[in-house]
Amino acid sequence: ARTLRDYLQARDREVAAAPAERRGYAGVHCAESLNLWHQITAGLHHVHVCGLVHRDLKPANCCFQGSYIKLMDFGLARYYGKAKGPNPMAEGADLAGDGDSPSRARQRVGGTAGVGTPGYAAPEQLAAGELSAACDLFPLGLIGFELFHPFGSAMERAKLFDQLRAQRAAALEPLGKRWPTLAPLLAALLSASPAARPPADALLDAQVDLSRVFRGRTPSPPSSPSPAASPSSVPFGASSPPGPTGTLTDLPPLSPALP
């Protein structure tokens, strides 16, 4: 199956070969990039509602089915005890009781040191920190950066990723000049502090607001969160729960040529 990595590599080659006025950020289809990022976020939100952490989110594990993105390869996924509905990984009814303490949840999950793809894994995941949904939000920020920032080479991508991991604000400055409302959101997701990263449901709403900004519309006012959708009724990908105020239909459609 074609992956988001394939899409990004093809996009970057096309941008590099374009006339000068279409290179760099001028070659990024921002509505398309936002739609893809929104779909990945929606799928991840469903994973987290189920009480799971993917632990290996990266473009190579985001696959196209038609013009939609599906999250793949759950071989490293672990349950972290926050399910809001039936837990698909549970082997017994007592695995996810409301009275479970964080320490017991960590004992069931086991260590996380060195697990995942080093280029995308969250800092705490590589350092054997506490496992939580925030572990997936850091690579989601890197994917968002990639969708909006074309790279000339793998070396350039590695260099910029190192700067983002080091919390160097200069790494986001060029993108911030082009999309000033996007850069702070990426900075929050790439925070070294897991608690500072916005959860997937809040990110879905922020992405819908970004879509309105991109189209010259006023962002929606904040609203009180609604109850999470039942995991059993929400499939992965484009049909996953969009969050309290936003829906995928608020975003521009993907190009018919994708993937």
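This structure is a prediction, so every number in the text was calculated from the model and none was measured.
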(request) Side-chain contact test, heavy atoms from C-beta onward, threshold under 4.5 Å: evaluate it for R23 versus P19 and give yes or no. (result) no

(request) Check whether any side-chain heavy atom of L147 sits under 4.5 Å from a side-chain heavy atom of L4, and report yes or no. (result) yes

(message) Quick one, L210 and H38 - any side-chain contact, counting heavy atoms below 4.5 Å?
(response) no

(message) What's the separation between atom OG in S33 and atom CZ in F148, rounded to the nearest 0.5 Å?
(response) 5.0 Å

(message) Please determine whether side chain to side chain contact (heavy atoms under 4.5 Å, CB included) holds for the pair L140 and W37, giving the CA-CA distance in whole Å, both sets of side-chain angles, and the decisive distance to 0.1 Å.
(response) CA-CA 8 Å; L140 184 62; W37 194 34; 3.6 Å; yes

(message) Give me the atom names and distance for the closest heavy-atom approach of L71 to F74.
(response) O-CE1, 3.5 Å

Validation: residues 174-190 side-chain donor-acceptor distances under 3.5 Å, sequence neighbours left out:
none

(request) Could you tell me which non-hydrogen atom of T3 sits nearest to which non-hydrogen atom of C63, and how far apart they are? (result) CG2-SG, 3.8 Å

(request) Drop me the distance from C135's SG to Y80's OH, to the nearest 0.5 angstrom. (result) 10.0 Å

(message) Check this for me, if you would: do E124 and R197 make a salt bridge, where the nitrogen-to-carboxylate-oxygen distance has to be below 4.0 angstrom?
(response) yes

(request) Determine the minimum heavy-atom distance between Q207 and T41, stating which atoms define it. (result) NE2-OG1, 2.9 Å

(request) Determine yes or no for a side-chain-to-main-chain donor-acceptor pair under 3.5 angstrom, with R165 supplying the side chain and G119 the backbone. (result) yes

(request) For L137 and P199, work out which heavy atoms get closest and say how close. (result) CD1-CA, 3.9 Å

(message) Listing request: all side chain to side chain donor-acceptor pair (under 3.5 Å) pairs with a residue in residues 131-160, at least two apart in sequence or in separate chains.
(response) R5-E146, Y25-H149, H48-D136, Y120-E146, Y120-R157

(request) Compare every heavy atom of G24 with every heavy atom of P150, then report the nearest pair and how far apart it is. (result) CG-O, 3.4 Å

(message) Main chain of R55, side chain of Q125: is a donor-acceptor contact present, judged purely on distance under 3.5 Å?
(response) yes

(request) Sequence neighbours left out, what passes side-chain contact (heavy atoms from CB on, under 4.5 Å) with A196? Give chain and number order. (result) S191, S193

(message) Does any part of the side chain of F151, heavy atoms only, come nearer than 4.5 Å to the side chain of L8, both counted from C-beta?
(response) no

(request) Any chance you could measure L36, atom CG, to S67, atom OG, to the nearest 0.5 Å? (result) 9.0 Å

(message) A side-chain contact here means heavy atoms from C-beta on lying under 4.5 Å apart; do D209 and R212 qualify?
(response) yes

(message) Once rounded to the nearest 0.5 Å, what's the spacing between atom NE2 of H54 and atom CE of M72?
(response) 9.0 Å

(message) Between D56 and T117 (side chain of the first, backbone of the second, donor and acceptor by atom type, cut-off under 3.5 Å), is there such a pair?
(response) yes

(request) Show the numbers, then the answer: is there a side chain to side chain contact (heavy atoms under 4.5 Å, CB included) between L52 and R78? (result) CA-CA 6 Å; L52 302 175; R78 289 296 181 269; over 6 Å; no

(request) Answer yes or no: is there a side-chain heavy-atom contact under 4.5 Å between L204 and H45? (result) yes

(request) Report yes if some heavy atom in the side chain of L160 is under 4.5 Å from a heavy atom in the side chain of F145; otherwise report no. (result) yes

(request) For residues R11 and V28, determine if any side-chain heavy atom of one lies less than 4.5 Å from a side-chain heavy atom of the other. (result) yes

(request) Enter the distance from C62:SG to I40:CD1 here, rounded to the nearest 0.5 Å. (result) 4.0 Å

(request) Mind listing the closest non-hydrogen atom pair of G51 and Y79 along with its distance? (result) O-CD1, 3.0 Å

